[in-house]
Amino acid sequence: MLASRVRQHVNPLASHFDYPPALPAAWDEVLADAQGLPLVVDVGCAAGGWMVALAKKRVDVNVIGLEIRRPVAKAAAAATDELANAYAAWGNVLPERAPALIDALPREPALITFHFPDPWFKKKHTKRRVVNPGLARALASRLAPGTGIFVQTDVLELFEAMDEVWSSTPGFERSTALPDLFPGSVFASGASTDGSVNATGVATELETRCLARNMPIYRALFVRSAL
Ligand SMILES: C[S@@+](CC[C@H](N)C(=O)[O-])C[C@H]1O[C@@H](n2cnc3c(N)ncnc32)[C@H](O)[C@@H]1O
């Protein structure tokens, strides 16, 4: 309901979105075990559906969601309010701010997810895509070896672009597993047409819609490679 009243796409490069993510200074006040649990960061968490479901299913991880649209971020914050292992913030994930963003987290992330990011189809708008070469380079400079990057989308053109971004950025390599975080799960690369949920075991809102319509979903996992 809320999302339908909020403009769907916003331009992350607009000057009024050029602000640092609104992250708390005292993580212990918002997460019960801020430093102890492995951290998952969901970029473009919208109203927080996936992060809330993951946090409830996996009380052994912390989930932080970042969402550029302020009213939607507020809805995500309300949805995570009662959870000891989830926190949603208003934030624009931009390459130039990514190092400071990583530094402001309670600990090194174990996984960063980009579920169904805005596709920005027009050629002149592709620079607005949240997954872009600058962001990948910035994250490569800050993430610890082993950190996972998971992307999924129903837009083949966007998938190919995201796949190219991570595979061509030094410091990332394709992977099929995050054994410490999701033991036994296989993160298959490429098109999924068998109706399966992504390997985290929790579907996002857009993923659920795609699965209901038997649409292919394109997925890939990369990890920060050893230095
Ligand atoms: C198409 S929605 C996908 C929502 C959800 N992840 C899902 O799979 O159902 C993409 C979301 O990313 C957010 N977003 C776009 N650019 C962003 C940016 N630079 N930083 C943070 N969030 C962004 C949008 O506002 C939107 O909520």
Side-chain angles (χ1 to χ4, degrees), residues 1-19 21 41-51 65-73 75-76 90-98 101 112-140 148-169 172 174 187-200 202-222:
M1 282 296 285
L2 174 98
S4 63
R5 292 200 302 271
V6 176
R7 195 176 157 209
Q8 288 298 313
H9 280 46
V10 293
N11 175 7
L13 305 181
S15 56
H16 55 271
F17 282 124
D18 188 15
Y19 53 82
V41 177
D42 184 26
V43 176
C45 68
W50 180 80
M51 61 178 296
L66 300 168
E67 169 55 48
I68 190 173
R69 292 176 294 163
R70 197 167 195 178
V72 183
W90 181 44
N92 182 5
V93 178
L94 291 172
E96 56 273 30
R97 295 200 182 276
L101 167 66
I112 303 178
T113 56
F114 298 87
H115 300 291
F116 296 82
D118 294 334
W120 294 111
F121 289 107
K122 287 186 185 164
K123 197 165 175 161
K124 66 178 178 181
H125 289 159
T126 54
K127 56 182 180 291
R128 298 179 181 177
R129 290 175 175 168
V130 66
V131 173
N132 56 64
L135 183 74
R137 283 193 299 272
L139 291 178
I149 300 282
F150 178 68
V151 296
Q152 60 169 343
T153 176
D154 58 319
V155 179
L156 178 57
E157 174 196 331
L158 174 63
F159 173 74
E160 288 173 343
M162 293 195 293
D163 198 69
E164 171 65 17
V165 163
W166 300 112
S167 38
S168 65
T169 301
F172 291 104
R174 193 179 301 279
F187 287 76
S189 222
S192 167
T193 53
D194 62 1
S196 58
V197 170
N198 76 78
T200 68
V202 175
T204 77
E205 194 183 332
L206 286 187
E207 183 176 357
T208 301
R209 280 192 223 164
C210 291
L211 292 174
R213 292 172 195 164
N214 297 317
M215 291 164 64
I217 297 175
Y218 307 93
R219 301 177 173 130
L221 176 72
F222 290 84

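Both backbone and side-chain heavy atoms feed into the values below; hydrogens, waters and symmetry mates do not. It should be emphasised that the depicted structure is a prediction, and the values quoted were computed from it without experimental measurement.
Here the straight-line distance linking atom CG of Asp163 with atom OG of Ser168 works out to 9.5 Å at 0.5 Å rounding. For the atom pair Leu13 CG and Leu94 CG, the distance stands at 6.5 Å (nearest 0.5 Å). Atom CZ of Arg219 and atom NE2 of His115 lie 10.0 Å apart (nearest 0.5 Å). In this structure, Trp120 CH2 and Arg129 CZ are separated by 10.5 Å, a value rounded to the nearest 0.5 Å. Annotation: the span from Asn11 atom CG to His9 atom NE2 amounts to 11.0 Å, rounded to 0.5 Å. Taking CZ of Phe150 as the reference point, atom CD1 of Ile112 lies at 14.0 Å (rounded to 0.5 Å).
With hydrogens and angles ignored, the 3.5 Å screen pairs a side-chain donor or acceptor of Asn92 with a backbone N or O of Phe17. Counting only distance, with no hydrogens or angles, the side chain of Glu67 and the backbone of Val72 share no donor-acceptor pair below 3.5 Å. Listed for the Trp90 side chain is no donor-acceptor partner under 3.5 Å among the backbone atoms of Leu66. Judged by distance alone, with hydrogens and angles left aside, the side-chain atoms of Asp194 form a donor-acceptor pair with the main-chain N or O of Ser196 at under 3.5 Å.
We find that Arg97 and Asp18 are joined by a salt bridge, their nearest charged nitrogen and carboxylate oxygen being less than 4.0 Å apart. Looking at Glu207 and Arg213, no side-chain N of the basic residue comes within less than 4.0 Å of a carboxylate O on the acidic one, giving no salt bridge.
Only one option out of Thr200, Asp42, Asn198, Thr204 pairs with Thr113 in a side-chain hydrogen bond (donor to acceptor under 3.5 Å, both in side chains); it is Asp42.
The two residues Ala138 and Pro95 make their nearest non-hydrogen contact at CB-O, 3.5 Å. Closest of all the heavy-atom pairs between Ala203 and Thr208 is CB-OG1, 3.5 Å. Across all non-hydrogen atoms, the minimal contact from Val165 to Thr169 is O-OG1, 2.6 Å. Counting all heavy atoms, side chain and backbone alike, Phe172 lies closest to Ala140 at CE1-CB, 3.6 Å. Of all heavy-atom pairs spanning Leu221 and Gly148, the tightest one is CD1-CA, 4.4 Å.
You'll find the side chain of Phe116 reaches within 4.5 Å of the side chain of Gln152, heavy atoms only. With a 4.5 Å cut-off on side-chain heavy atoms, Asp118 and Val130 do not count as touching. Here the side chains of Leu158 and Met162 are in contact, with some heavy-atom distance below 4.5 Å. Side-chain atoms of Val155 and Phe121, non-hydrogen and from C-beta on, do get closer than 4.5 Å to each other. The side-chain heavy atoms of Val197 and Leu211, taken from C-beta on, include a pair separated by under 4.5 Å.
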I would like to know whether Glu205 and Trp50 meet side-chain contact (heavy atoms from CB on, under 4.5 Å); could you show each step before the answer? CA-CA 7 Å; Glu205 194 183 332; Trp50 180 80; over 6 Å; no
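Ring planes of Trp166 and Phe114: tilted class, angle from 30 to 60°.
Between the side chains of Ser189 and Arg174, at least one donor-acceptor pair of N or O atoms lies under 3.5 Å.
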